[in-house]
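I have placed the structure first, in the form of structure tokens, so that the comments after it can refer back to it.
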Amino acid sequence: FVREDLYRSSGINAEYGAALSPDGRVVAIATGCGMTLFNADTAEQLDSLTGIHSDAITTLEFSDTGRYLYTCGKDKTIRVWLNRAGMMRDIELWSESLRAATNASHKDRLKQQIAETTARLAELAAMT
């Protein structure tokens with residue numbers, strides 16, 4: 001159901017399939033030689049990678065933890081990707097929890113998680 005809604009709302013021809021992260025928060029859809037990642041709750045596009053395989057992607061799969069996404073293509077390669085979209089979703093959820101938190105140590109931990117994950121995403125952005 002979610003996958004069909006995302007196909008329609010994204011306008012993407014996803015003939016090669018999709019994968020749902022283990023926590024159910026991110027959907028990855030193959031788009032030929034690339035993939036697009038969406039917020040599973042809102043269908044908002046979180047990330048898009050193009051030209052990541054030299055031929056069409058045939059399989060997408062998240063690791064058991066959801067930290068990585070594996071793609072396999074007709075180019076006979078398997079690639080491993082850090083789930084940046086999942087990291088962005090974590091930041092969103094931690095920010096919501098922070099607003100509702102009343103315990104000081106819980107707030108501190110959430111702030112630390114947000115800061116560390118934001119810094120990691122900035123490092124990844126600088127590498128590309």
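Basis for what follows: all heavy atoms, side chains included, without hydrogens, waters or symmetry-related copies.
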*Checking side-chain contact (heavy atoms from CB on, under 4.5 Å) for the pair Leu49/Arg84: CA distance, chi angles, key distance, verdict?*
CA-CA 11 Å; Leu49 301 168; Arg84 294 184 310 190; 3.5 Å; yes
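- Heavy atoms only, all atoms of each residue included: Arg79 and Asp75 are closest at NH2-OD2, 4.2 Å.
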*Check step by step if side-chain contact (heavy atoms from CB on, under 4.5 Å) holds for Val27 and Asn39.*
CA-CA 7 Å; Val27 175; Asn39 178 323; over 6 Å; no
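- Crowding of Ile78 atom CD1: a count of heavy atoms from other residues, nucleotides or ligands under 6.0 Å not exceeding 12.
- The 12-atom threshold is not exceeded at CG of Asp64, counting heavy atoms of other residues, nucleotides or ligands nearer than 6.0 Å.
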*After noting the C-alpha distance and the side-chain angles of Asn83 and Tyr68, does the key distance pass the side-chain contact (heavy atoms from CB on, under 4.5 Å) rule?*
CA-CA 5 Å; Asn83 182 7; Tyr68 299 100; over 6 Å; no
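- Atom CD1 of Ile57 sits about 15.5 Å away from atom OH of Tyr70, to the nearest 0.5 Å.
- Under the 4.5 Å side-chain heavy-atom criterion for Ile, Leu, Val, Met, Phe, Trp and Tyr, Leu93 and Ile91 are members of distinct hydrophobic clusters.
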*I would like to know whether Leu98 and Ile114 meet side-chain contact (heavy atoms from CB on, under 4.5 Å); could you show each step before the answer?*
CA-CA 10 Å; Leu98 180 60; Ile114 292 167; 4.2 Å; yes
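- In terms of heavy-atom proximity, Trp94 sits nearest to Thr117 at CZ3-OG1, 3.1 Å.
- The nearest pair of heavy atoms linking Leu69 to Ala28 is CD2-CB, 3.7 Å.
- Leu110 and Ala101 get closest at one heavy-atom pair: CD1-CB, 4.3 Å.
- The nearest pair of heavy atoms linking Leu60 to Ala19 is O-CB, 3.6 Å.
- Considering all non-hydrogen atoms of both residues, Arg67 and Ser63 come closest at N-OG, 3.4 Å.
- Shown here is Glu61, whose CD atom has no more than 12 heavy atoms of other residues, nucleotides or ligands within 6.0 Å.
- The pair Asp90-Arg25 counts as a salt bridge, with a side-chain nitrogen and a carboxylate oxygen less than 4.0 angstrom apart.
- Using a 4.0 Å cut-off between charged nitrogen and carboxylate oxygen, Arg89 and Asp23 do not count as a salt-bridge pair.
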